[in-house]
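Here's the structure, in structure tokens; my notes come after.
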Amino acid sequence: MIQQASAENTNNMTSRHIDREWAIILAGGDGTRLKSLTRKISGDERPKQFCSVLGGATLLEETQRRAALELAEERTLCIVNQAHEPFYAPILADKCPANLVAQPRNAGTAPAILYGLLRIAAADPQAVVALFPSDHYISDSRKFMNHIRTALDTARVRRDVVILLGVEPESPEVEYGWIEPTPSDKGNAKVLGVRRFWEKPNQVLAQVLQLRGCLWNSFVMVASVQALLDIIESATPGLYRAFACLTPLFATRTEARAVTQLYQSLEEINFSHQVLAQLPQRLAVLKVSGVSWSDLGEPKRVMASLDMAGIHPHWVDSASPQFA
């Protein structure tokens, strides 16, 4: 009986932890750099996240399925751009309205992330959140989400730190951001400190960074909702105050009008450059190995990812040489 009670107690504790785990999927970008390719694939102006870039499902659908391996769909928010409604509406038709965060326009990643985080904090101040861009190729979703599970478990204990997933580099890529790790003082060999960021280094520097054990910045991150809000407030206090004023209006009829007014005056703010890079001491990095990853930001990376995955969509045969 004691053993049974102990097991039940453990299950209840695990359930409570999972109940506090949330996901944010970032799907509000315009996909400008990939428009030449997505136009050929879809025949219209839809951004890449609403396009079947890798054949079959759209990138947004693939991201949803990947996140759902560890995180409940009812606690997964999708951040979109109202201008893209014709493209996201069919994909997200079954999503609860409360889990769809529609921005009046694209104002960069920082406002999108902050808006979603404040929505989650209003519902669950003790939440742990995983953030996923919706434009990545990942060779093995299960292995990748196992790393997310490690990050979620770590973030529950280390509630003051933001954990980035850093991918073990396969090449000295000059178009990615790089994370230079430093040994952690917490004794966790999987989670390291962050010394600094290197954004789009030249070829020589990229080679040096790879040799030094630096990691590609996947822009996938996990942290308590409070840790994420704290670093945004520290790095961009004006942006934080502007959005925090909206909190009492969430789920009311005046929220949409107030958000529209706010976005009219917003400058574009990049979360990686203007938040993360400013506060490396508040960050940690979890090394992702054994998984191939690519940011599908350019046609050549899409073609390389298709080749790596052995996928041959119908549009490849008619693709222009510039996409190869």
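In this structure, CD on Q49 lies 9.5 Å from OG1 on T38, to the nearest 0.5 angstrom. We find the CG-CZ distance between D135 and F219 to be 10.0 Å, quoted to the nearest 0.5 Å. Annotation: the span from Q64 atom CD to L59 atom CG amounts to 11.5 Å, rounded to 0.5 Å. Here the CG-CZ distance, from L71 to R149, works out to 7.0 Å after rounding to the nearest 0.5 Å. Taking CG of L26 as the start and OG1 of T63 as the end, the distance is 10.0 Å to the nearest 0.5 Å. The structure places CG of L209 at 6.0 Å from CH2 of W178, a figure rounded to the nearest 0.5 Å.
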- Task: Test side chain to side chain contact (heavy atoms under 4.5 Å, CB included) on L34 and V302 and set out the steps.
- Result: CA-CA 9 Å; L34 208 65; V302 172; 3.8 Å; yes
Quick one: do L286 and T154 satisfy side chain to side chain contact (heavy atoms under 4.5 Å, CB included)? Show the steps, please.
CA-CA 10 Å; L286 175 65; T154 303; over 6 Å; no
Under the salt bridge (charged side-chain N to carboxylate O under 4.0 Å, His left out) criterion, do E175 and K300 qualify, and how do the steps go? CA-CA 12 Å; E175 292 297 323; K300 65 179 182 180; 5.7 Å; no
T58/E61 under side-chain hydrogen bond (donor to acceptor under 3.5 Å, both in side chains): CA gap, chis, key distance, verdict
CA-CA 5 Å; T58 65; E61 288 170 316; 3.1 Å; yes
| task | Output, in order, the C-alpha distance, side-chain angles, deciding distance and verdict of side chain to side chain contact (heavy atoms under 4.5 Å, CB included) for R301 and E173. | result | CA-CA 11 Å; R301 289 210 287 270; E173 175 61 60; 4.0 Å; yes
key: Verdict with supporting geometry, T182 and L192, side chain to side chain contact (heavy atoms under 4.5 Å, CB included)   = CA-CA 6 Å; T182 184; L192 306 173; over 6 Å; no
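Salt-bridge check for R75 with E21: failed, with every basic side-chain N at 4.0 Å or more from each acidic carboxylate O. Under the 4.0 Å criterion applied to side-chain N and carboxylate O atoms, D140 and R142 are not assigned as salt-bridge partners.
More than 12 heavy atoms of other shown residues, nucleotides or ligands fall within 6.0 angstrom of atom CZ in R212. The environment of R257 atom CZ is sparse: at most 12 non-hydrogen atoms of other residues, nucleotides or ligands sit within 6.0 angstrom. In E73, the CD atom is not crowded: 12 or fewer heavy atoms of neighbouring residues, nucleotides or ligands sit closer than 6.0 Å. Around the CD atom of Q281, the shell of radius 6.0 Å holds more than 12 heavy atoms that belong to other residues, nucleotides or ligands.
Residues I113 and L131 form a side-chain contact, since some pair of their non-hydrogen atoms from C-beta on lies under 4.5 Å apart. Here the side chains of V129 and I120 are in contact, with some heavy-atom distance below 4.5 Å. V259 places none of its side-chain heavy atoms less than 4.5 Å from the side chain of L262. At a threshold of 4.5 Å between non-hydrogen side-chain atoms, the residues K287 and P181 do not count as touching. Looking at H84 and R46, their side chains never come closer than 4.5 Å, going by heavy atoms from C-beta outward. By the 4.5 Å heavy-atom criterion applied to side chains, I311 and P313 are counted as neighbours. Between L165 and F144 the shortest side-chain heavy-atom distance falls below 4.5 Å. The shortest distance between side-chain heavy atoms of S171 and W216 falls below 4.5 Å.
In this structure, E62 and G55 approach most closely via the heavy-atom pair OE2-O, 4.0 Å. The shortest heavy-atom contact between V275 and A235 is CA-CB, 3.8 Å. A pairwise comparison of heavy atoms in G116 and I24 identifies C-CD1, 3.8 Å as the closest pair. In terms of heavy atoms, V191 sits closest to A284 at CG1-CB, 3.5 Å. The minimum heavy-atom distance between P47 and G29, with the atom names listed, is CB-O, 3.6 Å. Between V220 and P133, the shortest heavy-atom contact is CG2-CD, 3.8 Å.
When the options V285, I163, T150 are evaluated for a side-chain contact (heavy atoms from CB on, under 4.5 Å) with K190, the one that passes is T150. Each of E168, E170, H136 was checked for a side-chain hydrogen bond (donor to acceptor under 3.5 Å, both in side chains) with W293, and the lone residue meeting it is H136. Screening T236, L229, L118 against F243 for a side-chain contact (heavy atoms from CB on, under 4.5 Å) leaves a single residue, L118.
In this structure, the side chain of Q274 does not engage the main chain of I269 through any donor-acceptor pair within 3.5 Å. Although no hydrogens or angles enter the test, the distance criterion places a donor-acceptor pair under 3.5 Å between the side chain of T252 and the main chain of L249.
Remark: R119 qualifies as a cation-pi partner of F250 under the 6.0 Å distance and 45° angle criteria applied to the six-membered ring.
Between W198 and Y176, the ring center distance fails the sub-6.0 Å criterion.
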Side-chain donor/acceptor pairs under 3.5 Å, residues 93-101, sequence neighbours excluded:
residue, atom, partner, partner atom, Å
K95, NZ, T76, O, 3.0
N99, ND2, E74, O, 2.9
N99, ND2, T76, O, 3.2

Quiz: residues 102-111 side-chain donor-acceptor pairs under 3.5 angstrom, not counting sequence neighbours:
residue, atom, partner, partner atom, Å
Q103, OE1, Y263, OH, 2.7
R105, NE, Y263, O, 2.9
R105, NH2, Y263, O, 2.8
R105, NH2, L266, O, 2.4
N106, OD1, G108, N, 3.0
N106, ND2, D30, OD2, 3.2
T109, OG1, F271, N, 2.8

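A single hydrophobic cluster is not seen to contain both V174 and V208; linkage of ILVMFWY side chains at heavy-atom distances under 4.5 Å, directly or through other members, places them apart.
Inspection of the S141 and R66 side chains reveals an N or O donor paired with an N or O acceptor under 3.5 Å.
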